[in-house]
Amino acid sequence: MIPYYNPEKSEKKWRKVWEANKLYKTNLEDQKRPKYYNLVMFPYPSGDKLHIGHWYSYAPADSWGRYMRMKGFNVFQPIGFDSFGLPAENYAIKTGIHPAKTTKTNIAYMEKQLKAMGAGWDWDAEVVTNEPDYYKWTQWVFLQLYKNGLVYRKLSPVNWCPGCKTVLANEQAQDGLCERCDSEVTKKDLTQWFINIRSYAQKLLDYEGLDWPEKTRLMQENWIGRSEGSEIDFDIVGHDKKITVYTTRIDTLYGATYMVLAPEHELVEKITTIKNKKAVEDYMKKTRKATDIERSAEGREKTGVFTGAYVTNPLNGAQIPIWIADYVLVHYGTGAVMAVPAHDERDYAFAKKYKLPIKEVISPINYETKSNISKAAFCEDGKLINSGEFGGTDSAQARIDITRFLEKKGLAKLKVNYRLRDWLISRQRYWGAPIPIVYCPECGEVAVPEKDLPVKLPTDIEFQPKGDGKSPLNTSSSFVNTKCPKCKGPATRETDTMDTFVCSSWYFLRYPCSQLAKKPFEEKTLSHWLPVDMYIGGPEHACMHLLYARFIHKAMHDLGFVKAGEPFKRLVHQGMITKNGAKMSKSKGNVVSPDEFVKKYGSDVFRMYLMFMGPFTQGGDWNDKGITGIKRFVDKFWRVMTTEVEGERASSAIIHKTIKKVTEDIEAMHFNTAISSLMEMINAISDKVVSIDDKRMAVKLIAPLAPHLAEEIWAHLGGKKSVFEDSWPTYDPKQIVEDEITIAVQVNGKLRGTILVPNNSSKEKILAEVKSMENIQKHIAGGQIVKEIYVPGKIVNLVVKM
RNA sequence: GCCCGGGUGGUGGAAUGGUAGACACGCAGGACUUAAAAUCCUGUCUCAGCAAUGGGGUGAGGGUUCGAGUCCCUCCUCGGGCACCA
């Protein structure tokens, strides 16, 4: 009798063996086996350390990698740290401890945790984004974009917290409130760096060849927000200028009774009449002061003022007034809209309030959806009325006709618009990659030459915000004052740092090339290893990281650095783990640490429990109630595999059936049902004699899910090398054919019994036997069988008419 | 408001249109033990019944089908995303 399985001892032992044998170091040059790039979103080294959520996604990701490895792939499974960012800096502001120090401590602790997991990570490929040999290349990526016109600098309103007297990143201004002090965030104008992601809007809508969740794709598509419409020029009465509007409903042009400009629109000042000047200026001031919360408050009453100016409707020559109102957004379309109150809810509300005319030009085709313009706008397509020569036309056709008509006069054109806005990457923050730009009084804005990278983060910094909205980097004179790379004269550095999403939007390109000192990556290596074959991470990154990474990758592709057109071939989101229904977070104090469970039960039990909780993509609420079930299962598995019993032989059929089921389940990432079928298997063979070959296959099946346990048993069963150097078992189809099968018997769709028949029985034979069953006779008595349904191997249904 | 997902025993959950509740937790009873732990066995959707068996049952209501947790329509509800984008 073998002593009980001791996870503490075994797990330590096998991790040592793996490390000593470099089992998880990937030979990136190997061309014999097909490559498989298995990636998880790298963690942020937070003070919370690794929590259950990390385990919930990393453990199955590791199981997946191990499975692919046993299937014969050359698996590359790297890990690293996304280590720049706000929490470390906020912590420094509070405590004075340098972010480099906290980051280092957190990484050291988390590396220990990650290693205790026993996952097959190739630690030699590790990247840490705050290290100079990484951010050097982040700066390099920036320069490539800069050189190719994908980066620009522009005056822009940014989030400003009056409480902390500092600029905030969008992510810090959640719901319009400062994450640190809960003040309402306002706007402040600053010159900012932008990446022109908009120029890739159309390319980013192409998902061909990607195996991504539908949901994520839809979210991105929504975010990019492509819309097809027309741009129309309206002449301003008494000026030689015109105003261009964007509309998707050019068919309603006859119904345009006024025009609205965003208060920030550049023409507002020029067209406003003297009489209206004061009101307009007051309104603009008020708008600027309004916080995001106020401006976007639900059901907020629309406000605006008349400019005193008019435009001419190009279609019917009508003169219509120009208003300004903050319900029109300056950054979308042209910042100006033609208002058609009869057929747009917002315009309708505005027109009602300011007593502007409402002119009906679309009539419903369907009588049931009869419109009543005195009560509400009718916003659907219909037939044109009151529209001159276009009357009677359907909306869709009218859109084409009217655009063509005006196009001939040079007054309109078809236009595609996107909601996606350019990516603001400036951060007035310390703990990030410095933007490699120098300002020279002679030469102006100059890019730091690649050979001078990295632009190192200084350490002599004052973290406390001064309230001037400037980056803490300004407090380091040795950093700020430099020489111009061009004229060698005195110059100053850009003191903003980059959004950490820039760092994380290319890290997957660095992993396979992390050893390169003189280049960020090598085309040859990337051509082989990209795209990432499997990318696992949270769905909250759908419109941020996953969009940015696709964009940077595509840009790098267009610049000739990567062959693959997309970075992530297959994407899977793990579900979220909550605690009592709430998201785990330090501020709520409900973060559950995996450490105590790993210590008590071992990594294998803990990870299997997480996988057994439910479907991987579903997530769930954390509780440890059922973990003893997995512990019992592991002990039982160990006992059955390592103990010899006497008596009945176990049939190989159960092993083969389990191979089929587990393979299918893992393929579908249904780890929970893979585990339950292994439980069924072990329950079925627990008191029987099992052949050594069957045992070996069983161990291989559990290996991706419980790697340490599998190694221990594998060695016990005579395995000389690691079980992960062996191949995934295949089932013998002949073995899983049953001699006898159970068939359900229904009468009128109601179950009335089951019947055990030889597998090859004919329909006739089965039906005859069914009809002789006592309980069936009872239920068909007095009626007439009008239909007999037999689904082979499954069910018989007799339809009886009484 | 719009776009996605969900809603199944006491609990986590399972079910290519074909025996609803696999597997596991918990609970109850039993075996082993001086006792406990561990382990093993039995039961466990609900109602009636000793049982055989029968009635009901997958958020609510309709529909399609020989047959619906699964497909369709309407609604309720929970979660996520977007939200004045003209």
Side-chain angles (χ1 to χ4, degrees), chain A residues 4 213-223 225-227 229 245-250 252 260 295-300 302 325-329 331-340 343-347 349-350 379 417-421 539-540 542-543 573 575-576 578 581 609 612-615 617-630 632-633 635-636 639 664 670 672-681 683 686-687 742-755 774-775 778-779 786-800:
Chain A
Y4 278 102
E214 180 82 2
K215 187 188 160 186
T216 313
R217 225 194 60 204
L218 282 171
M219 271 168 73
Q220 287 199 351
E221 282 174 358
N222 228 302
W223 187 261
R226 184 190 152 98
S227 114
V245 303
Y246 173 74
T247 179
T248 54
R249 292 298 305 271
I250 197 171
T252 64
V260 191
R295 256 183 104 151
S296 64
E298 200 164 333
R300 177 173 185 243
K302 293 188 172 32
D326 68 0
Y327 80 90
V328 172
L329 307 170
H331 54 74
Y332 184 78
T334 62
V337 303
M338 63 176 212
V340 184
H343 306 293
D344 181 283
E345 274 176 40
R346 296 151 301 183
D347 299 342
F350 193 81
C379 304
N417 255 318
Y418 302 92
R419 286 193 201 186
L420 184 68
R421 295 169 69 180
E540 68 275 14
C543 295
H573 295 304
M576 197 180 39
T578 54
Y609 178 57
F612 189 62
M613 270 173 62
T617 54
Q618 187 187 296
D621 200 57
W622 169 257
N623 74 69
D624 58 3
K625 272 192 347 205
I627 198 166
T628 83
I630 300 291
R632 284 177 196 155
F633 165 60
D635 287 341
K636 194 166 179 179
R639 202 169 57 242
E664 287 167 359
H670 293 166
N672 55 332
T673 49
I675 292 169
S676 50
S677 63
L678 284 166
M679 287 172 167
E680 283 179 83
M681 176 192 79
N683 290 344
S686 66
D687 53 352
T742 306
I743 289 178
V745 184
Q746 299 183 331
V747 177
N748 289 336
K750 271 197 182 295
L751 186 72
R752 295 301 177 192
T754 59
I755 183 172
E774 199 185 326
N775 199 39
K778 217 164 75 191
H779 282 95
V786 292
K787 205 167 176 183
E788 294 168 342
I789 286 148
Y790 172 59
V791 181
K794 288 265 164 68
I795 203 162
V796 168
N797 189 11
L798 301 178
V799 185
V800 178

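Throughout, a chain's letter reflects where its sequence line sits, starting with A, and its residues are numbered from 1.
For the strand RNA chain B, secondary-structure stems (runs of at least three Watson-Crick or G-U pairs, all distances below 3.5 Å) span B:1-7 with B:76-82, B:10-12 with B:23-25, B:26-31 with B:39-44, B:45-48 with B:53-56, B:59-63 with B:71-75.
One interatomic measurement links the two molecules: CZ of A:Arg217 to C1' of B:G5, which rounds to 16 Å at whole-angstrom precision. Atom CG of A:Asn775 is separated from atom C1' of B:G54 by 10 Å (rounded to the nearest Å). A:Leu329 has its CG atom 11 Å from the C1' atom of B:A83, to the nearest Å. Put simply, CG on A:Leu678 is 16 Å from P on B:A14, counting in whole angstrom units. Between A:Lys750 atom NZ and B:U53 atom P the separation is 16 Å, expressed in whole Å. Rounded to an integer number of Å, the gap from A:Asn222 CG to B:G80 P is 17 Å. The OH atom of A:Tyr418 sits 17 Å away from the C1' atom of B:A86 (whole-angstrom rounding). A:Phe350 places its CZ atom 17 Å from the P atom of B:C84, with the value rounded to the nearest Å.
Residues A:His573 and A:Thr216 have side chains in contact (heavy-atom distance under 4.5 Å, counting atoms from C-beta outward). Contact of the A:Val745 side chain with the A:Leu751 side chain is not registered, since no non-hydrogen atoms from C-beta on lie closer than 4.5 Å. Considering only heavy atoms from C-beta on, A:Ile630 comes within 4.5 Å of A:Met679 through its side chain. Here the side chains of A:Val800 and A:His779 are not in contact, with every heavy-atom distance at 4.5 Å or above.
Out of B:C66, B:C3, B:U19, the shortest distance to the side chain of A:Ile795 is found at B:U19. The side chain of A:Val328 has B:A86 as its nearest neighbour among B:A86, B:G18, B:U39. Distance from the side chain of A:Met613 is smallest to B:G12 among B:C66, B:G13, B:G12. Counting only heavy atoms from C-beta on, A:Arg639 has its side chain closest to B:C40 among B:C84, B:U19, B:C40. Nearest to the side-chain atoms of A:Lys215 among the listed nucleotides B:G18, B:C84, B:C4 stands B:C4. Of the candidates B:C82, B:G54, B:C66, the closest approach to any side-chain atom of A:Asn797 belongs to B:C66.
Each of A:Ser686 and A:Thr742 lies near RNA chain B, and the nucleotide nearest A:Thr742 is the one positioned closer to the 5' end. Nearer the 5' end of RNA chain B, as judged by each residue's closest nucleotide, is the contact made by A:Asn623, out of A:His779 and A:Asn623.
Ring-plane geometry between A:Phe350 and A:Tyr327 is classed as tilted, the angle between the planes lying from 30 to 60 degrees on a 0 to 90 degree scale.
Comparing the same atom, P, in B:C23 and in B:U42 gives a spacing of 12 Å after rounding to whole Å. Separating the P atom of B:G12 from that of B:G59 is a span of 14 Å, rounded to the nearest Å. Comparing the C1' positions of B:G55 and B:G1 gives a spacing of 45 Å, expressed to the nearest Å. Between B:A52 and B:G43, the two P atoms lie 12 Å apart (nearest whole Å). The P atoms of B:C75 and B:C3 are separated by 12 Å, rounded to the nearest whole Å. On the P atoms, B:G10 is 23 Å away from B:G6, given to the nearest whole Å. Comparing B:A83 with B:C76, their P atoms are spaced 25 Å from each other, to the whole Å. Distance noted for atom P between B:C2 and B:U74: 12 Å (whole Å).
Against the 90° criterion about 0, the sugar-base torsion of B:G69 places it in the anti range.
Nucleic acid contact for A:Pro539: none, since no nucleic acid atom lies under 4.0 Å from a heavy atom of the residue. Counting non-hydrogen atoms under 4.0 angstrom, A:Thr754 reaches a base of the nucleic acid. In this structure, A:Arg226 reaches neither bases nor backbone, as no heavy-atom distance under 4.0 Å exists between it and the strands shown. Backbone-only contact: A:Val799 has heavy atoms under 4.0 Å from sugar-phosphate atoms and none from a base.
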With side chain to side chain contact (heavy atoms under 4.5 Å, CB included) as the test, would you mind laying out the steps for A:Met613 and A:Tyr609 before giving the verdict? CA-CA 6 Å; A:Met613 270 173 62; A:Tyr609 178 57; 4.3 Å; yes
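Checking the phosphate oxygens (OP1, OP2) of B:G13, a side-chain nitrogen or oxygen of A:Gln618 falls inside 4.0 Å. When the side-chain nitrogen and oxygen atoms of A:Tyr332 are compared with OP1 and OP2 of B:A86, one or more of them lie within a distance under 4.0 Å.
Shown are A:Thr628, A:Asn683, A:Leu678; of these, the side-chain contact (heavy atoms from CB on, under 4.5 Å) with A:Phe633 is made only by A:Leu678.
Defined by atom type and a distance below 3.5 Å, a donor-acceptor pair is missing between the side-chain atoms of A:Lys787 and A:Asn797. Side chains of A:Arg421 and A:His331: a donor-acceptor N/O pair is present below 3.5 angstrom, by distance only.
Residues meeting the side chain to side chain contact (heavy atoms under 4.5 Å, CB included) test with A:Thr742, sequence neighbours left out: A:Thr754, A:Leu756.
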Identify each atom pair where a protein N or O and an N or O of nucleotides 21-29 of chain B are less than 3.5 Å apart, giving names and distance.
from  : atom 1 : to       : atom 2 : distance (Å)
B:A22 : O2'    : A:Glu680 : OE1    : 3.4
B:A24 : OP1    : A:Asn683 : ND2    : 2.9
B:C25 : OP1    : A:Arg632 : NH1    : 2.5
B:C25 : O2'    : A:Lys625 : O      : 3.1

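Across all non-hydrogen atoms, the minimal contact from A:Val245 to A:Thr334 is CA-OG1, 3.4 Å. When all heavy atoms are compared, the tightest approach of A:Met338 to A:Ile250 is CE-CA, 4.5 Å.
Between the side chain of A:Lys794 and the base of B:U16, at least one donor-acceptor pair of N or O atoms lies under 3.5 Å.
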